[in-house]
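Remember, it's 1-based here, ligands and their atoms both numbered in the order they're listed. For this chain, numbers begin at 1 and follow the sequence in order.
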Amino acid sequence: MEKRRFLGHCLPVVVLLLQAALLGRGDDDDGSRLLDPGKLEMFVDELPDMPRMRGYGVADGGKLVAGNLTIGMYETMWKFHRDLPATRVFAYGTSKETATVPGPTIESIQGVPTYVTWTNHLPPRHILPWDPTLTSAKPGRHGGIPTVVHLHGGVQHSASDGHSLAWFTAGHVTTGPHFPSTAAPYEYPNQQPPGNLWYHDHAMGLTRVNILAGLLGAYRVASPTEEAPLNLPAGEVFDRNLVVFDRDFLAGDGSLFMNATGNNPGTHPQWQPEYFGSVVVVNGKAWPFLRVRRRRYRFRILNASNARFFRFSLSDAALRFIHLASDSVYLAAPVRTRAFLLAPSEIADVIIDFADTASPVIVLSSDAPAPFPGDPGEKAEKLPVMKFVIDENATSPETDTTSVPARLMDGYPKPEARSATARRWIAMYEYTNESNDEPTHLYLNGKSYMSPVTETPAEGTSEIWDVINLTDDNHPLHIHLALFAALEQRSLRRVDELRDCMKRFVAGGGGGGGGEAAERCGVERHLAGGRRHVVARQERGWKNVFKVRPGTVTRLLVRFRPLSPPDSRRFPFDVTSGPGYVYHCHILDHEDNEMMRPMKIVRY
Ligand SMILES: *[C@@H]1O[C@H](CO)[C@@H](O)[C@H](O)[C@H]1NC(C)=O
Ligand SMILES: *[C@@H]1O[C@H](CO)[C@@H](O)[C@H](O)[C@H]1NC(C)=O
Ligand SMILES: *[C@@H]1O[C@H](CO)[C@@H](O)[C@H](O)[C@H]1NC(C)=O
Ligand SMILES: *[C@@H]1O[C@H](CO)[C@@H](O)[C@H](O)[C@H]1NC(C)=O
Ligand SMILES: *[C@@H]1O[C@H](CO)[C@@H](O)[C@H](O)[C@H]1NC(C)=O
Ligand SMILES: *[C@@H]1O[C@H](CO)[C@@H](O)[C@H](O)[C@H]1NC(C)=O
Ligand SMILES: [Cu+2]
């Protein structure tokens with residue numbers, strides 16, 4: 001009721017259904033029109049590089065000045081595969097003709113602000129089924145697609161953070177409650193360590209469909225002074241972004257397919273708990289190939305799937321992934337792996353040295369079960385992602401003057417639990433329809449998104465967040481503004497008993513769905529003797545997404561102060577003003593169905 005009051009409408013379900021029929025496209029759901037992915041030949045399209053946009057200007061004398069970009073959202077057609085007709089998508093770009101999926105890669109420089117005016121040119125109706133029974137942005141009688149852009153991993157004022165309620169439709173005809181009074185450009189100060197970010201839609205209740213339609217792109221913050229001495233592979237040929245996601249298509253016209261029948265249609269006519277597609281798309285092409293030389297390449301791999309986890313490996317066991325960074329921050333030292341797991345919205349930044357292989361072709365594949373982690377012992381099928389073809393015609397022997405230094409960025413503060421001044425419990429709850437055991441919605445701390453804010457950390461401090469996963473899924477947790485480090489992950493024993501107790505506590509009106517419920521139900525008792533899980537070496541740095549395993553308590557050290565310079569306590573803008581921040585599960589289908597909470601930063 002609370003959310004309805006907030007949104008100002010209390011429409012009967014019939015009207016919502018009618019609205020769904022008018023605004024979102026409904027497909028028949030028997031699957032008979034779905035494209036058989038086996039019909040698409042793999043590795044026939046060359047990997048594209050998305051257009052690059054400079055997020056800075058160069059004044060007379062070579063001085064770097066703020067960049068001013070205008071990036072629009074357009075409905076356009078995009079060819080995902082040689083043998084698929086062009087697909088209707090929503091895409092970012094500087095014009096309808098040049099918009100791409102993913103959108104242009106924005107290249108910014110540390111300390112030089114980038115201003116972006118985001119404009120919405122989308123049509124009145126969505127190309128995918130969205131579900132207006134969720135706590136969703138609603139365009140109202142004028143129609144249009146609510147959108148708002150979040151720069152994931154960006155340290156920016158909350159007015160430029162793409163708050164899910166700061167949405168707007170084309171021409172700003174209809175706007176959300178947190179939309180500012182004037183449509184000023186978004187300001188990205190870029191006063192943060194060099195690393196990999198991405199921008200994507202974040203409109204309340206529409207994030208999963210807007211991203212699925214194509215509204216996402218990569219963003220880099222580069223630091224010439226800090227990165228050049230590392231002598232890593234650089235330049236457009238040897239340093240590439242790989243934006244990976246999964247999609248389903250219809251056989252006839254190649255349109256994007258999303259099931260328009262919910263798993264609990266009585267509650268949500270269209271919402272499904274997790275979207276999985278059977279076609280893997282890299283930089284907008286299904287199973288592409290890339291010609292490479294026998295030398296080092298850098299790949300910044302972003303998992304932009306709604307819900308699919310990827311466990312990447314290479315077909316030649318002689319090759320390694322050399323991890324430079326995880327999410328938006330460099331590691332202190334490189335980490336070599338044969339395979340690694342990437343959750344939705346996580347970013348890996350790796351070197352592959354093709355001089356280490358004798359094979360003429362190398363396939364990058366994933367074998368993670370979907371949904372992840374699946375049943376114990378479940379072995380998922382290997383899903384090819386893309387192919388690297390060694391270009392034997394290139395100069396031989398190859399001269400590669402790049403290197404992988406033994407130390408990367410080892411000057412960042414170390415995550416130390418004793419620096420924390422507060423401790424919070426964040427409990428993940430999933431609610432199901434008792435008669436079919438299908439999920440209906442997910443809550444953090446037993447609270448809906450619109451319930452008043454409960455997380456109010458002080459600027460300049462660090463906190464311990466103990467995240468309890470009471471569900472059966474692996475939920476990648478994402479916190480806006482802050483960086484965090486995973487200190488430990490411990491399994492709960494008799495998790496069903498704990499879950500039932502905590503759910504009873506919340507249902508009985510217990511306000512504290514996190515800490516109070518956990519303590520009343522004896523969480524420490526359930527942790528005693530529980531297995532400790534090792535945090536993967538490449539994930540021991542500062543991150544902004546972490547995979548919270550089912551049935552575990554994950555201890556995070558969350559830093560509400562900048563990472564660099566290391567002794568600064570204040571952000572370079574007023575973090576306490578504006579609409580505030582959020583934290584949420586980055587399975588987009590969960591985020592859209594209440595697995596998100598507001599967060600208000602206060603003065604110390
Ligand atoms: C769509 O979802 C409904 C309800 O969960 C299910 O019965 C149906 O098989 C799904 N269709 C496809 C093509 O997956
Ligand atoms: C962008 O706008 C800012 C502020 O208006 C201005 O200082 C800067 O010079 C502009 N940059 C370019 C490249 O025009
Ligand atoms: C719960 O599941 C049953 C059986 O599938 C269905 O008939 C009922 O409508 C569902 N209830 C809700 C509230 O979705
Ligand atoms: C991508 O992220 C989604 C969730 O956002 C996750 O389910 C999926 O496993 C990830 N895939 C890869 C390859 O990391
Ligand atoms: C090498 O050159 C030959 C002859 O030009 C061409 O047919 C072949 O495709 C090239 N190989 C690659 C990997 O580019
Ligand atoms: C949450 O716990 C369930 C088991 O209770 C597990 O299956 C799931 O993977 C966990 N999710 C995460 C993110 O750890
Ligand atoms: Cu989730």
Which protein non-hydrogen atom lies closest to atom 9 (O) of ligand 2, naming both residue and atom, and how far is it? V65 CG2, 4.2 Å
Closest protein heavy atom (residue, atom, distance) for atom 13 (C) of ligand 3: T267 OG1, 3.0 Å
Do the two ring centres, one from F249 and one from F80, sit under 6.0 Å apart? yes
What are the atoms of ligand 2, with element, lying closer than 4.0 Å to any heavy atom of G57? 13 (C)
Specify the protein heavy atom at minimum distance from atom 11 (N) of ligand 3: its residue, its atom name, and the distance to 0.1 Å. N433 ND2, 2.8 Å
Atom 5 (O) of ligand 3: closest protein heavy atom, distance to 0.1 Å, is N436 ND2, 3.4 Å
Should D500 and K503 count as an ion pair when the cut-off is N to O under 4.0 Å? no
May I have the step-by-step check of salt bridge (Lys or Arg N to Asp or Glu O under 4.0 Å) for R54 and E107, ending in yes or no? CA-CA 5 Å; R54 282 208 315 212; E107 299 186 302; over 6 Å; no
Please find out if less than 6.0 Å separates the ring center of Y92 from that of Y199. yes
Can you sort out which atoms of ligand 3 are near G266, meaning under 4.0 Å from one of its heavy atoms? 14 (O)
Tell me which protein heavy atom sits closest to atom 1 (C) of ligand 2, plus the residue, atom name and distance to 0.1 Å. N68 ND2, 1.5 Å
Within the 6.0 Å centroid threshold, strictly below: Y219 and H152: no
Taking 4.0 angstrom as the limit and counting only heavy atoms of S435, give me the atoms of ligand 3 inside it, by number and element. 1 (C), 2 (O), 3 (C), 4 (C)
R220/D239 ion pair, N-O < 4.0 Å: yes
Ligand 2 to A66 polar contact by distance, N or O atoms, under 3.5 Å: yes
Before we go on, tell me: are the rings of H480 and H202 under 6.0 Å apart, centre to centre? yes
